[in-house]
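Reviewing the structure listed below.
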Amino acid sequence: MAATQLHLSPVQSSVVLKEKVYRALWDAIMTMDIYTGDEPPRLDERRLAEDLGVSRTPVREAISKLEQQGLVETVPRRGAFVVRKTKDEILEIISVWAALEGMAARLATKVATDEEIAQLRKLFVTFETAQGAEARIDEYSNTNIRFHQNIIALSKNMLLKEMSDTLFVHMRAIRAQTITERDRMKRSIIDHMHIIEAIENRNTELAERLVYEHCFGLAEHIDNYADYLE
């Protein structure tokens, strides 16, 4: 299978050019299918510079920054690649993510407004059944990912969000990869509805526990079936 390509738009030159290039690469990596293809996606410095309409220098600096964050790895004589995690590493990421999202759900029951919490349920109004989700799997997959982002946002804790950002690159990719496997979509819908109800009812302990269970359900699935991560 061909490696996944990044889709980028030209960046306008400005005093914050380096940051714009970095954010453009970050956003592109955030939305790509890291675990699709025979090898990790390669970052072609020359092509990236052309796509962004900039010189190679800010691209090189952005790749270096992403490498420092553990999202990119430079292989001698081969180039820079988006990092793919092993199964054991993914399981560790899920454990840490469960703690962060569980705390976010706990905080959401205390600090989010009713109107903000209502947005969680609105995400799923067109996916009331597993059959409805299956008919629009790509749309449901994106909604599933936004759901978890929104719980983090509802915590209104910027440090928690910053801590989760790097992990989210891999959480997003692995959720997108596994959502169609072994009836996980149906389980996902049920879990999400229970989490939403707990947050709506301001049930702090239950909301946190349900998020933990949902995350570790994903971990169990990966441990048992995600042989492609070995």
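Below, each value reflects all heavy atoms present in this structure, side chains not excepted, and no hydrogens, waters or symmetry copies.
For CZ of Arg182, the number of neighbouring non-hydrogen atoms (other residues, nucleotides, ligands) closer than 6.0 Å is 12 at most. Atom NZ of Lys85 sits in a crowded spot, with more than 12 heavy atoms from other residues, nucleotides or ligands closer than 6.0 Å.
With sequence neighbours left out, the side chain to side chain donor-acceptor pair (under 3.5 Å) criterion links Tyr225 to no other residue. Under the side chain to side chain donor-acceptor pair (under 3.5 Å) criterion, Glu197 pairs with no residue, sequence neighbours left out. With sequence neighbours left out, Val96 forms a side-chain contact (heavy atoms from CB on, under 4.5 Å) with Leu100, Leu167. Under the rule for a side-chain contact (heavy atoms from CB on, under 4.5 Å), the partners of Arg146 that lie at least two apart in sequence or sit in another chain are Leu123, Asn142, Thr143, Gln149.
Side chain of Lys65 to main chain of Tyr22: no donor-acceptor pair is present (N/O by atom type, distance under 3.5 Å, no hydrogens or angles). Between the side chain of Arg84 and the backbone N or O of Glu39 there is at least one donor-acceptor pair closer than 3.5 Å.
Residue pairs meeting the ring pair (Phe, Tyr, Trp, His ring centres under 6.0 Å) criterion with at least one member in residues 26-55: none, sequence neighbours excluded. Sorted by first then second residue, the side chain to side chain donor-acceptor pair (under 3.5 Å) pairs that include residues 90-100, not counting sequence neighbours, are Trp97-Glu101.
Once rounded to the nearest 0.5 Å, the distance linking OG1 of Thr109 with CD of Glu208 reads 9.0 Å.
For the pair Ile93/Ile174, no side-chain contact is recorded, criterion being any heavy-atom separation below 4.5 Å from C-beta on.
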